[in-house]
Each structure stands twice: as C-alpha cells, then as structure tokens.
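First the structure, in the form of structure tokens, and then the observations on it.
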2 protein chains.
Amino acid sequence: MKLHVSPDTFPPRGHEAKRLSIVDSAAAVFCREGFAGANIDLIAAEAGVSRQTIYNHHGDKEKLFVAVVRDLTERCNVGIFATIATFPDQPKDLEADLIGFAVRLNQNCICSRDGKFLRKLIQTEGERYPELFAEWREQGPGRTWPAIAARFARLAYGGYLAIEDPDVAARQFLGLVNAELQTTFMLGGSPREDEVVQSATNGVRTFLRAFGKRRSAVSVEKQTALAGA
Amino acid sequence: MKLHVSPDTFPPRGHEAKRLSIVDSAAAVFCREGFAGANIDLIAAEAGVSRQTIYNHHGDKEKLFVAVVRDLTERCNVGIFATIATFPDQPKDLEADLIGFAVRLNQNCICSRDGKFLRKLIQTEGERYPELFAEWREQGPGRTWPAIAARFARLAYGGYLAIEDPDVAARQFLGLVNAELQTTFMLGGSPREDEVVQSATNGVRTFLRAFGKRRSAVSVEKQTALAGA
DNA sequence: GACGAATTAGACAAGACTGTCTAAATTTGT
DNA sequence: ACAAATTTAGACAGTCTTGTCTAATTCGTC
C-alpha cells in the first residue's frame with residue numbers, strides 16, 4: 001500500500017512475522033477443533049498476539065480460514081515439487097531408489113506438519129467451501145500428479161519399467177506405497193519412520209513385480225512403441 | 001423399563017423408529033457441520049422430531065455423538081462381512097471375479113451412506129475421542145482386515161495367487177483398487193459407478209501382474225493379452 | 001372412549017463466541 | 001529521540017447454542 005521510500009518491505013518487519021505466526025496457529029486450531037469449533041481468542045493466544053491484531057490482518061474468521069488454506073497449499077506444493085526433483089531418473093538400484101523416493105514423499109509432504117494440516121482441512125471443510133477447494137484441486141493434485149506421472153513415463157522410456165499408462169502407474173505407486181498407513185492417516189496420526197519405510201518397501205516391491213523389467217537391458221525400440229500408445 | 005405385558009417390544013412401536021430417525025439425521029448433520037457446528041435444533045428438524053425428544057432419548061450432545069458412531073460402526077461391519085462373504089474362493093475368471101469383489105466392496109461399504117459418514121466422523125473427530133475410536137479400530141479394521149486377508153490366503157493356498165504375506169497383499173489390494181479414487185474420497189464426494197469400475201479394473205490388473213500365476217490360472221490368455229501389451 | 005406414556009412447542013437461564021470500539025502502550029523508521 | 005503506525009487489553013452489544021422446564025397435545029392400547 002505505502003511505497004514512498006523502501007521498495008523492499010513496505011510494512012514494518014514484525015508485521016509479516018506476526019501474519020505468519022497467526023496463520024500457523026490458526027492452521028493448528030482449525031485442524032484440532034474444526035472451523036466452527038475454532039476459537040479466535042485461542043488462536044490469538046497460541047500465536048502470541050491480541051485478538052484485535054488478527055482482525056486487523058485478516059478481517060474475519062472466514063477470510064482467515066481461506067488464507068490458511070491458500071498458504072498451506074502453496075507451502076505443500078513447494079515441498080512436493082522439491083521432492084519430485086529427487087525422483088530417480090537414472091537409478092543405480094531401482095528398488096532402493098524408488099523406496100527412497102517414496103519415503104521422502106511421505107516424510108516431507110504427506111506426514112509433514114503442513115501436509116497433515118492441509119489434508120485434514122480438505123477432509124473436514126472440503127464440502128463447505130467448494131470453490132476454495134476446487135482451487136486447491138487445480139493448484140495441488142492438478143499440478144503435482146502430472147509431474148509425478150511424467151517422471152514414471154521417463155523411467156519407462158528409459159527402459160526401466162514396463163508401464164502403459166503413466167498416470168495410472170503414478171497413482172497406483174502412491175496407493176501401494178501408502179497401503180499400510182491408511183488407518184493411521186485416517187485417524188490423523190503420524191506413522192513412525194519405520195512404518196513408513198516398511199510400507200514403502202512392500203509397496204515398491206509389489207510395484208516392481210507388476211511393472212519391473214526382469215533383467216532387461218534397455219530395449220528402447222519396444223519402449224517407444226509403448227510410449228506412443 | 002416397563003415390561004408388564006408384551007415381552008416383545010416394551011416401548012411403543014414408534015419409539016424405536018424415532019430413535020433411528022434421530023441417529024440418521026444426527027449422522028448427516030455431524031458430518032456436514034462437524035461436532036461443534038452441529039446444531040441440535042437442526043438435527044431435530046431433519047429428523048422430524050422435537051428437540052426435547054432428542055434429549056429424552058440420548059441425554060446430551062456428546063452421548064448422541066457416541067451413539068451415532070457406535071451405530072455406524074456396527075452397520076458398516078455388517079455390510080463389510082456380507083460383502084466379504086461374496087469373495088471368490090474358487091474363481092472361474094480370477095480377474096473378473098476380483099474386479100467384481102472390489103466394486104462391491106466400494107459400492108456397499110466404502111461409498112455407502114453409512115460408510116461415508118463413518119469415515120468422515122473418524123477423520124474429523126478421531127483425535128478428540130481417542131477411546132471411542134480405539135473401540136472402532138478394534139471392532140472395525142481389527143476384525144475386517146484379518147477376514148479379508150484370510151480370503152486371499154485361501155486363494156493363494158488354492159494355487160490362484162503367489163503371495164507371501166496375505167495381510168500385506170490384502171492392504172495392497174485395497175490400495176490399488178482405490179488408487180484413482182483418493183482425491184474424490186478426500187473431498188468427501190462419491191465417485192461415479194464407472195469411475196469405481198475403472199479404478200477397480202486397473203487395480204486388479206496390476207495386482208494380478210504382481211501376484212497372479214502365469215500358467216495355472218484359468219484366464220491366462222486374457223492376462224497375457226492385457227499384461228503383455 | 002379412556003387411560004397412561006410419549007411427544008410437542010415454546011419459553012427460559014446460563015454461557016460462549018464474534019466482531020467492534022477505545023484508549024493506552026509499544027514498536028518502527030528516521 | 002521523535003512521530004507514525006501498529007499492537008494491546010479490556011469492555012461491549014448482539015447473536016447463538018445448550019440443556020431444562022412446563023403445559024398442552026398426540027399416540028398406542030385396552
């Protein structure tokens with residue numbers, strides 16, 4: 001708004017810090033108590049600010065909620081794309097590398113604080129804010145799934161996997177890798193590290209039993225024929 | 001309470017019907033609005049009873065909530081075990097039969113009204129009522145998973161599948177079969193029938209690529225045609 | 001038709017929460 | 001150190017909700 005001197009940070013420095021603190025606390029309280037049960041006074045107390053400051057920053061409860069979801073979606077996307085960047089394009093040990101990727105995806109994106117919060121808000125309030133979560137769907141899954149599928153397609157093109165539909169394979173990969181964590185996710189808990197590794201290991205092994213190439217060298221000509229289909 | 005004449009139905013006939021109606025409406029409202037946001041007057045209106053009747057039947061809001069979860073858990077269990085009873089123990093066409101089972105499981109248990117409600121209540125309130133949902137965990141997954149795993153074990157013993165750990169295989173089966181429905185589930189929506197069938201078909205095909213026996217199974221030609229592509 | 005139990009509508013007190021307002025205190029940039 | 005902007009604590013009105021109470025009404029059964 002005010003931009004007479006410093007083009008870097010128009011508002012005072014503590015301002016943005018407080019905004020962050022508010023959104024963080026709000027995310028936690030909205031998740032714990034639900035939108036209706038969330039108490040602005042409690043959010044203020046957890047954020048270490050006064051209630052009035054929350055109203056100064058965000059207007060009202062509903063706008064605060066929207067800000068929380070937007071923030072979480074963006075932060076999660078950053079995490080997911082950072083993790084996708086570690087996808088093993090030229091694996092030395094396909095099984096081990098895919099397990100590693102699956103574990104990173106779980107730990108950094110799905111079981112992270114932001115990931116858990118976003119997931120729960122989607123589950124609990126998704127039906128009440130159709131347009132907001134339609135936006136999430138575009139920005140989130142709409143962008144990340146194609147990115148993951150593209151990596152699997154590349155792996156297939158490189159002769160490491162025999163998959164027909166990379167989109168299906170990508171979703172099945174995640175389904176397998178999280179197969180043993182569903183109950184924990186449902187109750188909102190965080191699985192222990194060894195559970196994540198266990199589930200990922202079992203999932204990747206099954207995935208490779210279905211899509212892995214026996215001990216093939218790179219038979220690119222057959223691959224290209226498949227990739228086009 | 002009063003049992004002077006008829007040993008069959010002590011309270012009048014309409015009594016139990018109202019109780020049912022209350023629990024049904026309460027389930028819907030608790031799901032839509034969350035526990036804190038659920039309004040007793042609204043539940044009463046949807047159930048077509050007066051607010052006082054709800055208090056007569058259930059005491060207070062929290063007891064009503066517990067009654068809802070117990071009822072839903074029990075009803076869902078009945079549905080799940082009925083569906084498990086249709087598991088193909090001696091399949092003519094393994095792929096088609098497993099797809100059929102997966103679709104039934106989805107339609108009758110996971111996407112049913114009760115299934116959706118119970119899942120959402122677990123997701124939204126699971127952390128607030130640890131002991132209640134610990135009970136659910138025992139009565140629900142604790143009983144149904146072993147039953148499903150036992151069926152897969154039998155299929156393996158019969159020579160139809162090559163699986164090492166039936167528990168892992170059972171969970172992976174469901175993970176695969178629902179792989180393409182996750183986003184819809186997350187937002188609380190119901191997938192269309194054709195989406196369920198599509199996801200089940202893709203899931204079962206991958207499952208059989210991993211665990212199916214090449215030779216001994218009946219529909220080998222269909223397998224190889226599809227899998228070999 | 002009559003009796004007893006269940007149900008209903010509505011009023012009600014007590015408490016909780018949102019969002020606004022004000023005046024004082026604190027922080028920030030210069 | 002000064003001036004502007006921000007933050008704070010607290011009071012406040014208005015609204016909503018739960019759970020209770022009462023008196024009238026309806027329902028099921030004999």
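Numbers restart at 1 for each chain; the letters A, B, ... are given by sequence-line order, proteins then strands.
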Distance check needed: [N] [atom2] versus [X] [atom1], whole Å only.
X: B:H57; N: C:dA5; atom1: NE2; atom2: P; answer: 16 Å
X: B:E33; N: D:dC16; atom1: CD; atom2: P; answer: 15 Å
X: A:K18; N: C:dT26; atom1: NZ; atom2: C1'; answer: 10 Å
X: B:I43; N: D:dT17; atom1: CD1; atom2: P; answer: 12 Å
X: B:N56; N: D:dT20; atom1: CG; atom2: C1'; answer: 11 Å

field: Which residues share a side-chain hydrogen bond (donor to acceptor under 3.5 Å, both in side chains) with B:Q139, sequence neighbours left out
entry: B:R143

message: If we check side chain to side chain donor-acceptor pair (under 3.5 Å) with B:S190, which of these qualifies: B:K116, B:Q107, B:R113?
response: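 Among the candidates, only B:K116 passes.
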
message: Can you see if the side chain of B:T53 gets near the phosphate of C:dA6 - specifically, an N or O under 4.0 Å from OP1 or OP2?
response: no

- prompt: If you take all heavy atoms of A:D89 and A:R151, which pair is closest and at what distance?
  reply: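 Where A:D89 meets A:R151 most closely, the heavy atoms are OD2-NH1, 2.6 Å.
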
message: Tell me the closest heavy-atom pair linking A:H58 and A:A67, and the distance in Å.
response: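 It is CD2-CB, 3.9 Å.
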
Got a list of side-chain donor-acceptor pairs under 3.5 Å for residues 38-45 of chain A, not counting sequence neighbours?
| from | atom 1 | to | atom 2 | distance (Å) |
| --- | --- | --- | --- | --- |
| A:N39 | OD1 | A:D41 | N | 2.7 |
| A:N39 | OD1 | A:L42 | N | 3.3 |
| A:D41 | OD1 | A:R51 | NH1 | 2.5 |
| A:D41 | OD2 | A:R51 | NH1 | 3.1 |

statement: Per the under-4.0 Å heavy-atom filter, residues of residues 25-32 of chain A near DNA chain D come out as none

- request: Answer yes or no: is there a donor N or O on one side and an acceptor on the other, between the side chain of A:T201 and the main chain of A:V197, under 3.5 Å?
  value: yes

Side-chain donor or acceptor of B:S199 paired with backbone N/O of B:V177 under 3.5 Å: yes

message: If the helix axis at each end comes from five base pairs, how far does the helix from C:dG1-D:dC30 to C:dT30-D:dA1 deviate from straight, to 10°?
response: 50°

- prompt: Taking only residues two or more places apart in sequence or in another chain, which ones pass side chain to side chain contact (heavy atoms under 4.5 Å, CB included) with A:T53?
  reply: A:K18, A:I22, A:V49, A:S50, A:H57

query: Are the charged groups of A:E62 and A:R128 less than 4.0 angstrom apart, N to O?
result: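 A salt bridge is absent here (no side-chain N lies under 4.0 Å from a carboxylate O).
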
- request: Ignoring hydrogens and angles, state whether a donor on the side chain of A:N202 or A:Q198 is under 3.5 Å from an acceptor on the partner side chain.
  value: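 Checked: A:N202/A:Q198 side chains pair up, N/O donor to acceptor below 3.5 Å.
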
query: Does CD belonging to A:E193 count more than 12 external heavy atoms closer than 6.0 Å?
result: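 Incorrect, the count does not exceed 12.
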
statement: In B/S/- notation (B base, S sugar-phosphate only, - none; protein heavy atoms under 4.0 Å), nucleotides 17-25 of chain C written 5' to 3' is SSBBB----

